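Before any comments, here is the structure.
Predicted model only: the values in this text are computed from it and were never measured. Per chain, numbering begins at 1; letters A, B, ... match sequence-line order.
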2 protein chains.
Amino acid sequence: MEMNQLNSSYIGAEYTMSIISGKWKPLIIYHLRQGTKRYGQIKRLVPDASPKVLIQQLKELEHDGIINRKSYPEVPPKVEYSVTAKGRSLYPVLDLLWFWSHQKL
Amino acid sequence: MEMNQLNSSYIGAEYTMSIISGKWKPLIIYHLRQGTKRYGQIKRLVPDASPKVLIQQLKELEHDGIINRKSYPEVPPKVEYSVTAKGRSLYPVLDLLWFWSHQKL
DNA sequence: CCGCATCCAGGCGGATACTG
DNA sequence: CAGTATCCGCCTGGATGCGG
């Protein structure tokens with residue numbers, strides 16, 4: 001499928017946006033892009049997100065197959081988040097969105 | 001400014017999305033991409049949008065400099081909408097969003 | 001340490017009827 | 001023809017306190 005032809009409309013663009021358009025999702029993905037992180041680390045990197053919302057966004061990203069959650073059966077608990085292959089395929093999209101916003105026209 | 005370096009975080013990606021993430025905006029831009037259109041034509045091309053919401057989306061796109069509104073002082077009224085240069089610079093973004101959603105992983 | 005439960009507020013979009 | 005006006009439901013995200 002070639003991009004230059006037959007984007008029959010932009011149906012589907014909304015789908016992509018629905019996946020990355022949570023309040024903290026781009027930031028979460030950005031930080032996880034630097035490498036696997038524990039929940040507490042993410043919490044500190046995104047301090048303005050309340051725990052409820054942060055968990056919510058992580059769950060949605062996990063549900064959409066963008067990130068992976070790995071829980072270790074330890075005490076105290078340890079949970080690691082990392083970006084999946086599908087998630088990595090989003091990098092060019094987020095890069096372009098970022099780039100457009102910083103462009104002078 | 002190069003895209004491959006220093007996207008200091010993804011701050012800004014949200015801005016781009018806020019511009020194109022109205023319910024009918026991608027579809028509106030898609031249709032206007034084919035050429036200048038009158039309000040009534042857009043209304044027929046996007047029939048599921050109520051007049052209120054359609055106008056609202058057009059106004060926001062205009063306010064953000066994505067489309068241009070040209071009103072002719074005639075009776076009956078005639079209004080034409082077209083995509084601006086800034087709006088055209090969004091095409092690659094929307095194309096990529098569309099492409100990602102149709103990708104098999 | 002890593003969450004979940006509850007309550008709440010603001011904004012977006014839908015339905016319908018009306019106007020210069 | 002090209003919009004306005006009004007009312008209203010839903011969903012996202014925020015605040016706060018509790019639990020395994």
*Looking at Gln41(A) and Arg38(A), what are the two nearest heavy atoms and their distance?*
OE1-N, 2.8 Å
*Residues of residues 54-61 of chain B with any non-hydrogen atom less than 4.0 angstrom from an atom of DNA chain D: list those, numerically ordered, please.*
Ile55(B), Lys59(B)
*Contact class for Tyr81(B) (heavy atom, under 4.0 Å): base, sugar-phosphate, or nothing?*
sugar-phosphate
*Measure across Ile19(A) and Leu61(A) and return the closest heavy-atom pair with its distance rounded to 0.1 Å.*
O-CD2, 4.0 Å
*Please report the C-alpha distance between Glu60(A) and Gln56(A) in whole Å, then the side-chain angles of each, then the deciding distance to 0.1 Å, and finally whether the side chain to side chain contact (heavy atoms under 4.5 Å, CB included) criterion is met.*
CA-CA 6 Å; Glu60(A) 288 176 16; Gln56(A) 186 178 288; 3.8 Å; yes
*Minimum heavy-atom distance Val93(B)-Ser89(B), with the two atoms named*: CG2-O, 4.4 Å
_Please give me every residue in residues 36-46 of chain A whose heavy atoms get under 4.0 Å of an atom in DNA chain C, ordered by residue number._
Arg38(A), Tyr39(A), Gly40(A)
_Can you confirm whether Ile28(A) sits close enough to Leu54(A) that some side-chain heavy atom of one is under 4.5 Å from a side-chain heavy atom of the other?_
yes
*asked:* Using 0.5 Å steps for rounding, measure from the OG1 atom of Thr16(A) to the CG atom of Leu90(A).
replied: 7.5 Å
_chain A contact limits on DNA chain D, taken 5' to 3' with a cut-off of 4.0 angstrom to heavy atoms_ = dG13(D) to dG20(D)
*Lys23(A) or Pro77(A): which one's nearest nucleotide on DNA chain D is closer to the 5' end?*
Lys23(A)
_Backbone of Lys23(B) reached by a side-chain donor or acceptor of Gln57(B) within 3.5 Å_ = yes
_Rounded distance (Å) that lies between atom C1' of dC18(C) and atom NZ of Lys52(B)_ = 15 Å
*asked:* Looking at every non-hydrogen atom in both residues, tell me the closest pair between Arg88(B) and Val83(B) and how far apart they are.
replied: NH1-O, 3.0 Å
*asked:* Quick check against the 3.5 Å criterion: does Arg69(B) have a side-chain atom that pairs as donor or acceptor with the backbone of Val79(B)?
replied: no
*Parallel, tilted or perpendicular: which describes the rings of Tyr10(A) and Tyr30(B), with under 30° parallel and over 60° perpendicular?*
perpendicular
